[in-house]
Amino acid sequence: MNNDESTVSNFIHDIIDADLASGKRTEVVTRFPPEPNGYLHIGHAKAICLDFGTAAKYGGRCHLRFDDTNPEAEDEEYVSAIKEDVKWLGFDWGEHLYWASDYFDTMYEYAVRLINKGKAYVCDLPQEEFKNYRGIPTEPGTEPPGRNRSIEENMALFEKMKNGEFADGACVLRAKIDMASPNLHMRDPALYRIKRATHHNTGDTWCIYPMYDFAHCIEDSIEGVTHSMCTLEFEVHRPLYDWILQTLEVFQPQQIEFSRLNLTYTVMSKRKLLELVKEKLVNGWNAPRMPTICGMRRRGFTAEAIRKLCGLVGCTKFESITEVELLESCVRDDLNENSLRAMAVVDPLKVVIENYPADLVEEFEVPNHPQKEEAGKRTIPFSRELWIEHDDYMDEAPNKFKGFTIGREVRLRGAYLATCTEVIKDATGNPIELRCTYDPDTKGGSAPDGRKVKSTIHWVSAKHAVDAEVRLYERLFTVENPLGDKEKDFKEFLNPESLEVITAKLEPALTKAQPGDRFQFERVGYFCADLDTTAEAPVFNRTFTLRSARM
RNA sequence: UGCCGAAUGGUGUAACGGUAGCACUAGCGACUCUGACUCGCUUAGUCUAGGUUCGAAUCCUAGUUCGGCAACCA
């Protein structure tokens with residue numbers, strides 16, 4: 001199914017190839033480990049494609065595992081959304097759905113094992129005070145009091161932590177590693193904290209919860225993950241990942257870091273996206289302007305296109321920022337191939353064909369896809385009064401211009417050749433109506449005498465047109481990297497023109513569109529019927545314009 | 001000033017000591033009943049300085065620049 005990822009080569013696959021060749025590994029097991037504290041975005045899509053794609057390439061398996069170690073931040077709401085998004089992207093975890101919370105018992109046992117080995121201790125220093133002992137990057141830390149408590153004492157203390165005999169935050173379990181380590185993460189990191197919060201899976205069974213560094217490597221180890229891919233910021237955590245597993249003497253997966261996906265003109269941080277949602281700067285997580293999977297889906301992006309992008313951007317350790325144009329290209333590529341054509345006018349200008357009978361209605365058959373015969377044809381009604389795009393008329397048109405100008409013959413797509421004879425303007429000189437004549441001999445759009453017209457424009461019969469709400473989207477931000485200016489809040493760069501709502505004139509067949517149906521409105525762009533659409537009140541989202549420079 | 005990591009056209013990536021290639025973008029042109037699609041062409045790159053080698057993007061040395069790390073977040 002998904003060959004997008006499995007065909008590309010990258011440094012991670014080089015590592016796996018070597019591991020398989022040397023016999024270090026005999027199978028490939030990966031995992032996608034989201035924390036259910038927000039919605040998935042296109043950056044996660046890269047990780048999902050990498051995790052599932054790598055497993056598929058090597059005939060292994062990929063687990064979907066929710067990293068639910070912090071009940072304060074997590075919510076069931078996100079779990080179903082994440083599952084839906086992964087599925088929609090085209091990946092299947094089969095029976096391999098896991099939870100960090102599945103392993104809370106084991107993690108507790110492992111913590112006890114560390115204490116027994118003299119490798120962990122209970123630290124009752126207030127958080128703020130421990131900072132002083134940890135030191136700063138350029139100077140070593142110092143050993144905090146209590147670090148050399150006896151094993152028995154630590155066992156008793158940890159037991160009490162578990163049993164709820166201490167207040168939240170009163171103490172933590174720490175790994176006993178090296179307060180002078182040049183790597184801050186090795187200066188006795190916290191393993192367990194006390195937090196009285198109801199967990200969505202385990203309820204109130206626990207009042208202590210494991211920290212990421214302790215939990216994640218154990219989750220990987222228990223599941224037999226061979227290659228644990230994560231983003232670059234975890235690079236400095238790797239020594240700790242390895243230390244915990246080695247000290248525990250359990251199966252040791254290999255953590256491999258790669259750079260996250262960044263796109264121009266948007267932000268990819270869950271926290272920042274949450275800010276936009278909370279401050280109602282966008283209409284929810286699935287707002288079509290959001291880089292979330294659900295937002296992009298609602299806007300009309302296909303899973304195919306997103307997977308294509310994830311394959312094209314590759315996978316390296318270089319912190320890059322990919323031009324959003326590459327995404328646009330992937331989307332257009334897929335939509336051009338797979339979406340049916342329709343005619344719609346987004347900025348209507350009335351056209352009256354003076355020599356066309358007032359009460360006549362003709363029906364024309366037009367293809368649904370220019371390159372695909374099998375897509376079939378549909379009929380569209382034609383009558384004396386039409387809507388065309390406002391910018392398909394110009395007073396003094398340059399030669400390259402494709403629309404009407406007085407005296408120039410233009411093809412009305414699939415119908416007739418027509419010539420504009422007169423333009424009616426309002427007081428400000430803005431055209432409000434065109435008067436035209438048509439050539440009855442050009443029915444269907446071609447002239448029997450073989451004369452050429454250089455332009456074809458789209459139109460909708462005024463009598464039959466259906467009004468629709470159309471939401472036009474542009475880039476969410478006005479600058480390539482909204483987070484790039486440390487002096488300014490990223491929200492200052494929000495693009496006020498990123499959403500424009502207009503009323504468009506649709507050809508009548510479009511009222512049959514169901515939410516999610518995608519079309520190319522010819523010469524205008526790709527559009528997707530919104531969740532809100534109904535036959536009575538159609539609503540369409542513009543996914544992208546066509547690649548073009550209309551005048 | 002500590003530790004970890006990364007530098008190849010505008011952007012993203014490939015080349016694993018042997019012709020620096022691909023995609024996107026941009027520009028030009030052809031075709032066209034969509035200014036779409038398709039097709040053709042063009043601009044443009046190995047961070048710097050030394051070294052090893054017949055030969056270096058690739059190996060070595062020294063710099064430079066950029067990113068990450070001091071939650072009881074993940």
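So that the names make sense, note that chain A is the first sequence line, chain B the second, and so on, each numbered from 1.
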Counting distance alone, no hydrogens or angles: does the base of G10(B) have a donor or acceptor under 3.5 Å from a partner atom on the side chain of Glu323(A)?
yes

Starting at atom CD1 of Ile321(A), determine the distance to atom C1' of G10(B), rounded to an integer number of angstrom.
13 Å

Separation of G2(B) atom P from Glu235(A) atom CD, nearest Å, is 18 Å

Could you give the distance separating A20(B) and A44(B) at their C1' atoms, to the nearest angstrom?
13 Å

Verdict with reasoning, Arg187(A) to Glu139(A), per salt bridge (Lys or Arg N to Asp or Glu O under 4.0 Å)
CA-CA 12 Å; Arg187(A) 323 242 266 225; Glu139(A) 287 168 26; over 6 Å; no

Tell me which donor-acceptor pairs under 3.5 Å the side chains of residues 441-448 of chain A have, and how far apart each pair is, sequence neighbours excluded?
unit_1, atom_1, unit_2, atom_2, d
Thr442(A), OG1, Leu417(A), N, 3.0
Thr442(A), OG1, Asp439(A), O, 2.6
Lys443(A), NZ, Glu362(A), OE2, 2.8

Ile256(A) CD1 - G5(B) C1' separation (whole Å):
15 Å

If each of Val453(A) and Leu326(A) is mapped to the nucleotide of RNA chain B with the nearest heavy atom, which maps nearer the 5' terminus, i.e. the 5' end?
Leu326(A)

Protein-nucleotide distance (Glu522(A), atom CD; A36(B), atom P), rounded to Å:
13 Å

Measure from the side chain of Gln520(A), starting at C-beta and using heavy atoms only, and say which of A6(B), U34(B), G35(B) lies closest.
U34(B)

Stem ranges of RNA chain B by first residue number, counting only runs of at least 3 Watson-Crick or G-U pairs under 3.5 Å, come to B:2-7 with B:64-69, B:10-13 with B:21-24, B:26-30 with B:38-42, B:47-51 with B:59-63

Just to verify, which of Phe540(A), Phe519(A), Phe521(A) counts as forming a ring pair (Phe, Tyr, Trp, His ring centres under 6.0 Å) with Phe527(A)?
Phe521(A)

Is the distance from OP1 or OP2 of G35(B) to the nearest side-chain N or O of Arg523(A) less than 4.0 Å?
yes

Can you confirm whether more than 12 heavy atoms, excluding those of Glu363(A), are under 6.0 Å from its CD atom?
yes

Between C24(B), U34(B), A36(B), spot the one nearest the side chain of Ser548(A), thanks.
A36(B)

Length of the line joining Lys317(A):NZ and A7(B):P, which is rounded to integer Å:
10 Å

Cation-pi check, Arg65(A) onto Tyr103(A) ring (under 6.0 Å, within 45° of axis)
no

Let me know the distance between CD1 of Ile457(A) and P of U34(B), rounded to the nearest Å.
13 Å

Looking at Glu233(A), is its backbone amide N or carbonyl O close enough to the side chain of Glu257(A) to form a donor-acceptor pair, meaning the two atoms are under 3.5 Å apart?
no

Using a 4.0 Å heavy-atom cut-off to protein, can you give one letter per nucleotide of nucleotides 69-74 of chain B, 5' to 3': B if the base is in contact, S if only the sugar-phosphate is, - if neither?
SBSBSB

Give the rounded distance in Å between these two atoms: NZ of Lys400(A) and P of G35(B).
13 Å

Output yes when at least one side-chain N/O atom of Ser320(A) is less than 4.0 Å from OP1 or OP2 of U13(B), else no.
yes

Under 4.0 Å: is that the gap between some side-chain N or O of Arg341(A) and OP1 or OP2 of U34(B)?
no

If you pin Val313(A) and Arg332(A) to their nearest nucleotides in RNA chain B, which one's is more 5'?
Val313(A)

